[in-house]
Amino acid sequence: METENDLPKAYDASLYEDAISRRWEESGFYNPDNLPGERTEPYSILMPPPNVTGVLHLGHALENALMDTMARYQRMRGKRVLLVPGTDHAAIATQAKVEKRLQAEGMINPRKELGREKLVEKIRAFADESQATILGQVRKMGTSCDWSRLAYTFDAARNIAVNELFFRMHRDGLIYRGYRVVNWSVKGQSTCSDDEIQHMERPSKLYTFKYSKDFPITIATTRPETKLGDTAVAVHPSDTRYTQYIGKTFTADVGAVEPLKIKIIADEGVDPSFGTGALGVTPAHSPIDFAMYEKQKAKGDPIEIIPVIDADGKMTAETGAYAGLTVEVAREKFVGWLKEHDLLEKEEDIVQNVGTSERYGDVIESLPMTQWWLDMNKTIPSRGKSLRDLMREAVTTGLAGDETKKVTITPNRFTKLYLDRVENLRDWCLSRQLWWGHRIPVWYRDEEMCVSAMAPSGDGWEQDPDTLDTWFSSGSWPFSTLGWPRTKVIFVRHGEAMSNAKGFNDGIIGNGENVLTERGEGQVKERAKALKDSGAVAIIASPITRAKQTATMMGEALQIPVTFDDRLREIGFGSYDGKDPVAFDKARGFFDGWKKQPFADAESYPSVHERSHHALKEILATYAGKTVVVVTHGDTLAVMREFGVAGDKSYGYPEPAGAVEISFSADGKQTDDLAVFHPTSWMQMGYEILYLWLMRMILMSAYTLDDVPFKDAYIHGMVRNKEGQKFSKSMGNGLDPLDVVKQYGCDALRISLLLGITPGNDSRYSEEKIESGRNFVNKLWNIGRYVLTTTQKPRAVHDPQRPTDFPFQYGTLHQPPIISTKADAWIIGRLALTHETVTKHLEQYNFSAAGEALREFTWNDFADWYLEISKVQRTGDAEAQAGTDFLLRWVLGVLLRLWHPFMPFVTEVLWKELTEKDDADNLLLVTAWPELQAHLKDSADILQPYQDLVTAIRALRAEHHLQPKQVLEVFVDHVDDQMKKEIAWMQRLTNTTITLGAPEKADGLARAVVGETTLYMDTAAGVDVAAECARLTKEAENLERYLVTVDAKLANEEFASKAPPAVLEKEKGKRAAAAGELAKIQEQLKLLQ
RNA sequence: GGGCGGCUGGCGCAGUUGGUUAGCGCGUCACAUUGACAUUGUGAAGGUCAGAGGUUCGAUUCCUCUGCCGCCCACCA
């Protein structure tokens, strides 16, 4: 261990960070279940799971800094803080990336060449590696997350949640399968959602043409080749040019297999002033046109739909001569044909916005396909509202008008953006033809379809080959990570049987001899009555007669289905079957003994354990989110109760028909996280995923749990480079945060990312910033080093107001500090004020403002002033020195705690040195946030006049180019007892000897006016009177100018009558001060001239 | 086409109910530095808060318009 004297001059983060990290992790305090002290209020943050597509960049570093700063702050405030770490499988992004890699390695079509299984294996390998890297990075950054709750959007527990959610939404009619126009990436061979499309401007041509010579209407298009699939022309209903044609059908032969039958339809959406005012309708290849197609169908005046482009981006067979051509070639050919037949009227160059696939980069085609959709408008049964309604309510009135179920977005302007988007959402296409992702939980067999959270039993079922949009799983993150769906299992022991009454062992299935006694039947009836309102949906039972009987009776009473599972049967008694259970128990021993020792004559513990747990696992998956009853036997029940149960693992039979109730999370653990930590307290994310993620989390939590996923959402901007460009690997300017950490330390990185940011706005990262961050960390280090190496431990303090053995406890600094001098009171005042400011800003997520206030105090007040003043105070008597030492340590103690959320490492190192305690409970990590008495901050300004004088003397010295080493004589014409007390440190800080009182002879002295005080400085060499006058004149002019404006203001009657009195008083006060100072300066000028 | 954000000393940015002689960091200049810290100290210079109107006793702050810069959204085919 370091001793105080060993602290190196410069803080080298790399020497400490790993060890500190280890201490934190080993303390167990990252897990809210282990936090010390009484903590009742939960505080939860979910980490937005980084994509496992690569490594973390500075944006992630910012997120980690934000989350961890908040988590540490709240932990210090005594809350039960949970920060859940995790990663995202990022379906399309990851698959696209791996495919690209494989292609770079020479594979032409990875899907074809490898097949589903092998490609998924490749992707998994890549994802696993990437995940390991990412989690390592998060660890390195000191993020205080609970690793025991680590989650992945593509693990088994999340799969159960996703399936269950899909099942429920389908059951509620929100998820439907429909043939509609989708966004199709030919390159990715998959659909994508509206959000995964990137619009790009691109030069294009607008063609104006007619389908045939005798066709009455001219139309325009940028996609001539799709016109082969036109089935209508839409015009505005009140467009008199065309009203005569509405309803008529024309035939035009444009070279497709069938001549086009074009119906003229009316649609309000057509802009009569654009182009020819008529729109060629291609239902198969345009979402708008498809909407018209549906409208017409609904009206009972249907138009046809003819797909002319296939999934490979080639023309379909319907296009005859064009079949098999790519769209580009077909376009040229068709335009050529138009020209040839003199149908092309115009060809103009325009700039067009085309949609491209975010991940595969190709132009998105609109194609009609059968896909799975989530309906935004359908009323949810029993809610009377649509998903869109829920999303709207969540940020406005709160769900169903409940203010406690409301998400507050910081900064507020994003709320409006969110709402605009909510109103314009279309149904969400959920299915993807990708392989990396959660399979759609739907199975098909012949004509049957089964939507279920679990594979249906029976042969011949084929699961839908498609996968779910990646945001379906990340949208459920706020509750899937906290144990949803929670499954309640009510374990019930069978009623009293003959064997119990008569005393023999029975482990034989179908032993008709051993039935329930009359008493046993009564017990079962009682139990069934008790479970009437339990909400149980099914009973799964052991098939042994007494359990079978019990389950059947209960099933009838509760009106729920009963199934039997062989694996829930009683332990096989072997040679003890039919014999005395007492002898058996004696031979086998108690539960713990049975667990450890093999038992030859009957079934072993591992065997019972294996089969029963296997059964339970299946039950939990099948009935995820529901309540079920499991009817079984004593030993089996005892073994199963062990399932995920912490603590109580004792062997014990319930009474006959006795029940035990246990809740399980989706991954089979007993947990109450969902109840405790959802809704989560705070969520931070970049604005680029506002629509993608925030909306979907709100949608899903509102739907699933009738609550918001989080109370506060904080939107941050992007971290850009010095030039304001995005960091990106493709541009070669990506930056690994770990490299930065290695060079500058984690604390430096954190504060350089956090300071200078404003919510929702982009920030810039630069070498200069991180250096300045590093410099500050070093400054704090040296402040700590100075205090620790110079001052004496506070044991020596004697305070007459307190017992002589007044305990100095750094961890609970609730006692007021001991204040002896004006400077003491001042620094405490400043500290108290800073503490208040920092706390306020952190509560409002103003990380930058909080950090800057702290930085200001640390550097400008504590280091530059108080530390220097303390050096003088310490030269006094022993008591003065002890008092000052106490205060230095006291302030340092508070300061370290205030800084800890921002700079966890360096503060933790110094805290250990300060407190000289190494035990886990003393970690700054779990130390209480300071609380300072409000009145302390009243003295925050009391040193100002003296500081002003010191600054003026220093300025005067600099002005006259006087060496700092040279001791000067200074006269201050202001005399009072107060100043006498402060003179010592003022002299030291200016390297002068200060005489209170005006000099006898002022000639040849430099002079300055500070407020109403004039100070004279003996420069030894005399002064340049002209220069002196010039300087004072300039200052006088400044004041005069100010007085003119203030006087004008004060003379304004309207100002005097309308301005608030406080403002008026303040102005008057300032005017008086300025006038006083001016008078002093003028006096000096007169003397000089 | 709609919307949002930005425009504050050389650079990067604060400025939250309209009232400070407009602040901070970096940089610049001058001086200093074997004494906690050269990853430092002291001092200084530097801005008509993009422009024009308006509301108001008072506008960097609120409103309108204009100009740049950036971003998001969008079914002008």
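These figures come from a predicted structure and were not determined experimentally. Just so it is clear: chains get the letters A, B, ... in the order the sequence lines come, proteins before strands, and each one is counted from 1.
- OP1 or OP2 of B:U21 lies within a sub-4.0 Å distance of a side-chain N or O belonging to A:Lys1070.
- In terms of modelled atom types and a separation under 3.5 Å, the side chain of A:Asn991 and the main chain of A:Lys965 share a donor-acceptor contact.
- Under the ring-ring contact (aromatic ring centres under 6.0 Å, His included) criterion, A:Phe862 pairs with no residue at all, not counting sequence neighbours.
- Ranked by how close their nearest RNA chain B nucleotide is to the 5' end, A:Lys769 and A:Lys965 are led by A:Lys769.
- Comparing the same atom, P, in B:U39 and in B:C11 gives a spacing of 27 Å after rounding to whole Å.
- Across all their heavy atoms, A:Ile783 and A:Ala863 have their closest contact at CD1-CB, 3.7 Å.
- Stem list for RNA chain B (at least 3 consecutive Watson-Crick or G-U pairs, distances under 3.5 Å): B:1-7 with B:67-73, B:10-13 with B:23-26, B:28-32 with B:40-44, B:50-54 with B:62-66.
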Which pairs, protein N/O on one side and nucleotides 67-73 of chain B N/O on the other, fall under 3.5 Å?
none

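- Comparing the C1' positions of B:A50 and B:G67 gives a spacing of 8 Å, expressed to the nearest Å.
- Scanning all heavy atoms of the two residues, the minimum distance from A:Val838 to A:Ala853 falls at CG2-CB, 4.4 Å.
- As judged by a 4.0 angstrom heavy-atom cut-off over every strand, A:Ala863 is placed among the base-contacting residues.
- Atom-to-atom, CG of A:Asp948 to P of B:G43 comes out at 11 Å; the value is rounded to the nearest Å.
- For residues 851-866 of chain A, every residue pair satisfying the salt bridge (charged side-chain N to carboxylate O under 4.0 Å, His left out) rule, not counting sequence neighbours, is listed here: A:Arg830-A:Asp861.
- For B:C69 and B:A77, the P atoms lie 24 Å apart once the distance is rounded to whole Å.
- Between B:G15 and B:G47, the distance separating the two P atoms is 23 Å to the nearest Å.
- Within 4.0 Å of A:Ser763, counting heavy atoms only, lies no atom of the nucleic acid at all.
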Considering only nitrogen or oxygen atoms on both sides, find all protein atoms under 3.5 Å from nucleotides 57-61 of chain B and state each distance.
unit_1, atom_1, unit_2, atom_2, d
B:C57, OP1, A:Lys1058, NZ, 2.1
B:C57, O2', A:Asn1052, ND2, 3.0

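- For A:Thr758 and B:C13, the shortest distance from a side-chain N or O to OP1 or OP2 is not below 4.0 Å.
- Salt bridge present: A:Glu868 and A:Lys871 bring a charged side-chain N and a carboxylate O closer than 4.0 Å.
- A:Leu867 comes within contact range of at least one nucleobase, with a heavy-atom separation under 4.0 Å.
- Checked against a 6.0 Å centroid threshold, the rings of A:Phe334 and A:Tyr207 do not count as neighbours.
- The base of B:C37 sits with one of its N or O atoms less than 3.5 Å from a complementary donor or acceptor on the side chain of A:Lys779.
- With B:A36, B:U39, B:C13 as the candidates, the nucleotide lying closest to the side chain of A:Asn782 is B:A36.
- B:A59 and B:U55 have their C1' atoms separated by 10 Å, with the value rounded to a whole Å.
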N/O-N/O pairs, protein side and nucleotides 22-31 of chain B side, under 3.5 Å:
none

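- Remark: the separation of the C1' atoms in B:U16 and B:C73 is 28 Å, to the nearest Å.
- Listed by chain and number, the residues in a ring-ring contact (aromatic ring centres under 6.0 Å, His included) with A:Tyr687 amount to none (sequence neighbours excluded).
- Partners of A:Lys722 under the salt bridge (charged side-chain N to carboxylate O under 4.0 Å, His left out) rule, at least two apart in sequence or in another chain, are A:Glu768.
- The CG atom of A:Asp1047 sits 13 Å away from the C1' atom of B:U21 (whole-angstrom rounding).
- A:Arg764 meets the salt bridge (charged side-chain N to carboxylate O under 4.0 Å, His left out) test with no other residue; sequence neighbours excluded.
- Using a 4.0 Å cut-off, no side-chain N or O of A:Arg774 falls inside it from OP1 or OP2 of B:U39.
- B:A22 sits 10 Å from B:U60 when the P atoms are compared, rounded to a whole Å.
- Qualifying salt bridge (charged side-chain N to carboxylate O under 4.0 Å, His left out) partners for A:Glu1067, counting only residues two or more places apart in sequence or in other chains: A:Lys1049.
- Looking at A:Glu868, its side chain comes within 3.5 Å of the base of B:A36 through a donor and an acceptor atom.
- When all heavy atoms of A:Phe209 and A:Thr218 are compared, the closest pair comes out as O-CG2, 3.3 Å.
- Note: CG (A:Leu1015) to P (B:G43) measures 14 Å, nearest angstrom.
- No hydrogens or angles considered: a donor-acceptor pair under 3.5 Å links the side chains of A:Asp948 and A:Gln944.
- Judged by a 6.0 Å distance limit and a 45° cone about the ring axis, A:Lys1070 is not positioned over the six-membered ring of A:Tyr1042.
- Side-chain N/O atoms of A:Lys871 include one lying less than 4.0 angstrom from OP1 or OP2 on B:A36.
- Listed nucleotides B:U16, B:G41, B:G12 differ in distance to A:His841; the shortest reach to its side chain belongs to B:U16.
- The distance between atom CG of A:Asn412 and atom P of B:C4, rounded to the nearest whole Å, is 13 Å.
- In this structure, A:Gly756 reaches the sugar-phosphate backbone alone: every heavy-atom distance under 4.0 Å involves primed, P, OP1 or OP2 atoms, never a base.
- For A:Trp428, there are no ring-ring contact (aromatic ring centres under 6.0 Å, His included) partners two or more places apart in sequence or in a different chain.
- When rounded to the nearest whole Å, the span between CD of A:Gln947 and P of B:G41 equals 16 Å.
- Where A:Asn1038 and A:Arg426 each meet RNA chain B at their nearest nucleotide, the meeting point lying more 5' is that of A:Asn1038.
- No engagement by A:Lys1066 is indicated, since no non-hydrogen atom pair under 4.0 Å with the nucleic acid exists.
- As judged by a 4.0 angstrom heavy-atom cut-off over every strand, A:Ala955 is placed among residues touching the sugar-phosphate backbone only.
- The P atoms of B:G41 and B:C26 are separated by 9 Å, rounded to the nearest whole Å.
- For A:Leu7 and B:U39, the CG to C1' distance is 16 Å, given to the nearest whole Å.
- Of the candidates B:U39, B:U21, B:A36, B:U21 carries the atom nearest the A:Leu1039 side chain, counting heavy atoms from C-beta on.
- A:Asp420 comes within contact range of no nucleotide atom at all, as no heavy-atom separation falls under 4.0 Å.
- With sequence neighbours excluded, no residue forms a ring-ring contact (aromatic ring centres under 6.0 Å, His included) with A:Trp184.
- The NE2 atom of A:His285 sits 16 Å away from the C1' atom of B:A77 (whole-angstrom rounding).
- Of the possible polar contacts, one joining the A:Asn183 side chain to the A:Cys192 backbone as a donor-acceptor pair under 3.5 Å is found.
- For the pair A:Met718 CE and B:G5 C1', the interatomic distance rounds to 12 Å; values are reported in whole Å.
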